[in-house]
Amino acid sequence: MSTEDSLTNPQRSFEAANVTRRNSVLRRLAVAGAVVLACGIAFSAERVWSNLLVGTFYLLTIALGGALFVALTYVSGGGWHVAFRRIPEAMAAVLPVAGVAMLVVLGVRMSRYGWHHDWHGDVGTFWFKELWLTPSFWAVRAVAYVSLWSLLAGWLVARSRKQDRTGDASITGGNVRISALFLAVYAVTFSLASADWMMALEPMWFSTMWGVYNFAGMIQAALAVVIVLGLILRSNGGPLQGVFNDEHLHDLGKLLLGFSCFWMYIWFSQYMLIWYSNIPEETSYFITRTHGPWGPIVVGCIVLNWVIPFFVLLPKPAKRSSGIMMKVAIVVLIGRWVDLYVMVFPSTLGENPVFGIWEAASISCLIGTAGLLLFRSFANAGSVPRHDPFLPESLHYHTC
Amino acid sequence: MSDVHASLRSPLVTGDKTISDVTRDICAPMDRKPTALWWSAFGLSLTALIVGVAAVWYQIATGIGTWGLNKTVGWAFDITNFVFWVGIGHAGTLISAVLFLFRQKWRTAVNRSAEAMTLFAVMCAGIFPLIHMGRPWLAFWMMPYPNTRGPLWVNFKSPLLWDVFAISTYLAISAVFWYVGLLPDLATIRDRSEPGWRKRITSILCLGWNGSARTWLRYETVYLLLAGLATPLVFSVHTIVSMDFATAVIPGWHTTIFPPYFVAGAIFSGLAMVLTLMIIARKVMQLEDYITMTHIDRMCKLMMSMGCIVGLAYGTEFFMAFYSGNGYEQFVFKNRALGPFAWAYWTMVSCNVLIPQLLWSRKLRSTLPVVFVIVILVNVGMWFERFVIIVTSLHRDFLPSSWASYAPTSIEIATFVGSFGLFFTCFLIFCRIAPVIAIAEIKGAAHLKKRPPAESITEEKAA
Amino acid sequence: MSDRVLLATFEHEDDLLAATDAVRRSGFKIVDAFTPYAVHGLERAMGLRPSRLTWVCFLCGMIGVLGMLWFEHWSTSIDWKLDVGGKPWNSLPSDVPVAFEAAVLLAGFGSVFALLAVSRLFPGKQPQIINPRVTDDRFLLVIDEADAGFDTAAVRKMLQEFHALAVEEKITLPGGDLQ
């Protein structure tokens, strides 16, 4: 039985030729994108930076989303996902690299954040904003967020990998506690980080929903990445063949459907409340984005992130079909990019949407880098947590 | 079916039960005469209900002037109670629908009573806006029917009208969900009852259920569909309730985080109420083998995480008020924490955020008296949350010359007491006439003991 | 369906599932099974097709959302235009909540009524109860004795391998009820 096979030989290598070809394609994408972007600095530094911000935030939130998936499933006592838990763990293990990239991108253009030159004289009721967005405090916080996430997620992943060697079942119990701690830290720091890095691009605008909105997009994209990686790793004799089965795919499909709806719900709630109350200091964000040329892009963003996943994934057979799930996950990942594009570009580059060589290069670089990092990270550990006490349950369960 | 279960999982049903033991144990309270404890609880609830009915009668006959509302504080006690009761109801849907979708099998022990609680809580909630209309006999005007006033259609742009649709849909779908869940159990009662009135009533109510596998397949499909519908519904209902406030421009009301924050708060308060009822019911009805300490533990954890989300939302609101630089927002939040209603604010923070943190300790989660005190405090805290949101945002608004204070009148308090009377009267009657645990569901979810076949065959022959 | 059926009683779902599977594999026709709770995998063992009620639910939901959106649009921007807070007559964002509720209401009631109709469940129905313990702790399998070649003794022996508590023959009356 193939399941037993891959359990006894977790390091079984899958078709070497395939992997080499995949890695070389990814490497080419990454290098070509990076070279073009580097040239772009000379032509349009602003656009290159905006692209880098979108790209690094994309990568970081995928890594963070992987850690979140691991932590949430630990604390909820779920057993169904254990067979493929190494995928979200691989995503979480990318956190330090993604975090450093984020810090570099933020660091090189801290001046891009408008508050550097917005304040003169008496601050009045803006005293807190001035204090909060003091550049040094802002930078210290960014470092703190990234290190906390990397540390806690790294701990969680390292212990799970240690279980492979020691077979100690008590590691699972300990990881539940670490996960609870991670979730508590994550909830506070991620709300603040999304405000610091994304909301502060428009320093006068604010929305209490912002953290939840970013969380929704993050978890949705992370699920899509888990699906894509799972499908790739189980095809053509990959290490998860016979392990990552249709039942897992079905459940991930349900979660993707659910979180697509959650994203739509949060997007709509934020938009509707601001539209309804019509307070000028709040509507500024949506006026730029829904009136004029950005309007159709926002509609496209909704189609990609909610309409397509919702209507396609509603029937049960769709959630069990590799082909459909792969396509929907890719649509969601494109939607995530568009979502971040709409978040960042109108703030940094103004009312006219731009899409050209720099954007294409940044996307190519993102796909290449993310792919290389994630596959390497996955290969660093056994492909199945073989001593996890919930593994047999995960391999044999049936979804309804 | 060879489901594989990890050895770390604790059993859903303890005490080595067989399938028929489950039927017998759960139906037992219905066969017994009510205890003295039940009668005294029922008497107390009924008294409270009568007090409430009298108060409602008086205020409808006299007018809403019997309330302590004034020009500035136009919403207070009644809307607080409305939101409080709607919130209580949400845990029922969470347990029956959301946990069903997440295949949390432990829910089978508590879903029936949690759903009943939802129904009764939504009924209680509905009373308050109905009275608030001033002329409740014209309530049907809220329905968009062709009329001789134009026809003047209802105002679809008003969040208060959304509320009408949301609450009535919620009541209807919860009732259907509950009833569909009851069908197989009603058939069980029919088949085990002696001929008589109970058999006659249950055979009408169970719609001729006979346990056919074809029906079960369709039934499971519809149950899944209803769970799938109830989950977004529960989000939408409290989202719409939150929009009653958040679409306004009042500082402290208008904030975009309100929809998810209200939903989390609703589930939080609802879980506290479920736990309150469960801790009493398992003891009084001797259902300790079904509603085990594991169930209490799970619900405590879930409740605590909801409490943390609510705490995060409090923090976010405060943070954004200061970050935004909006002087009015800043004033409202300073006024909440330090103004005349600071006592209410700090009651809310301690009961909802600080005290539930005790539940991080496994030892405290398994000490029932501690859990009981905490859930009562959470109930209190969540009531105060709505009170704080409504009253503190209104009593000092943009115009200092119209600042006022607010205190409830005896009529308002009596109405609130009456709503508790209605809730507990209904719940106590429910415990007597329906199986408080979903029999068919728990049989399917729990891995019950097998008897050696030889023994059963002898028994069958004897029968 | 012929007029003779074989009725097997089991005590555990595993036995019922295994027996159902074996009976169907041997080419016999299964009339129905009766169980105290939804037995997972029984539909596969019996070879039943998945229920199509999900489509009823989806269609009702679509009718609900589109119908209500149309009605909100017609009543507030065509039939009686009403200026509310300076908002446009036709305001999609504020039409969404009620349209959503209408979708859920119709989808929920639609699928429940479809279930009752398809399963012929209605108040006052007097179902035939073969064994009253089927709603308590017994699992029944009803096999059609389809042709003259039906070897009752052999099937009985096969069922006993799956710990059948009792195997008996019944004659169906006109209308499908058992004698």
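Every chain is numbered from 1 and lettered A, B, ... according to where its sequence line falls, protein lines coming before strand lines.
- Of the atoms belonging to A/Val212, it is side-chain heavy atoms, and not backbone ones, that fall under 4.5 Å from chain B.
- The shortest heavy-atom contact between B/Pro159 and A/Tyr276 is CD-OH, 3.4 Å.
- For the atom pair A/Phe206 CZ and B/Glu329 CD, the distance stands at 6.5 Å (nearest 0.5 Å).
- Looking at A/Ile266, the atoms closer than 4.5 Å to chain B (heavy atoms on both sides) all sit in the side chain, from C-beta outward.
- Ranked by non-hydrogen atom pairs under 4.5 Å with chain A, the options B/Lys157, B/Glu220, B/Glu317 are led by B/Lys157.
- At a threshold of 4.5 Å between non-hydrogen side-chain atoms, the residues B/Tyr323 and A/Met199 count as touching.
- Of the listed residues B/Thr247, B/Asn326, B/Thr316, the one with more heavy-atom pairs under 4.5 angstrom with chain A than any other is B/Thr247.
- B/His254 NE2 to A/Asn278 CG: the interatomic distance, rounded to the nearest 0.5 Å, is 9.5 Å.
- With a threshold of 4.5 angstrom between heavy atoms, B/Tyr261 does not approach chain A through any atom at all.
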request  = Assess whether ring-ring contact (aromatic ring centres under 6.0 Å, His included) is satisfied between A/Tyr265 and B/Phe235, documenting all intermediate values.
outcome  = CA-CA 9 Å; A/Tyr265 160 66; B/Phe235 271 78; 5.5 Å; yes

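- Panel note: side chain A/Ser277, backbone B/Ala248; a donor-acceptor pair is recorded below 3.5 Å.
- Looking only at side-chain heavy atoms (C-beta outward), B/Pro259 and A/Leu273 come within less than 4.5 Å of each other.
- Using modelled atom types and a 3.5 Å distance limit, the side chains of A/Ser207 and B/Thr256 yield a donor-acceptor pair.
- Considering CD1 of B/Ile257 and OH of A/Tyr213, their distance stands at 15.0 Å, rounded to 0.5 Å.
- Crowding of B/Tyr328 atom OH: a count of heavy atoms from other residues, nucleotides or ligands under 6.0 Å not exceeding 12.
- Residue B/Leu312 comes nearest to A/Ser191 through the heavy atom pair CD2-OG, 4.1 Å, listed as atom of the first residue, atom of the second, then distance.
- Distance OG1/B/Thr231 to CZ/A/Phe262: 13.5 Å, rounded to 0.5 Å.
- For B/Val98, no part lies under 4.5 angstrom from a heavy atom of chain A.
- A centroid separation of less than 6.0 Å is found between the aromatic rings of A/Trp132 and B/Phe319.
- With a 4.5 Å cut-off on non-hydrogen atoms, A/Tyr271 does not touch chain B at all.
- A/Trp205 contributes atom CH2, which lies 12.5 Å from atom OG of B/Ser324 (distance to the nearest 0.5 angstrom).
- Per-residue heavy-atom pair counts under 4.5 Å with chain B were compared for A/Leu183, A/Thr125, A/Val188, and the maximum is reached by A/Thr125.
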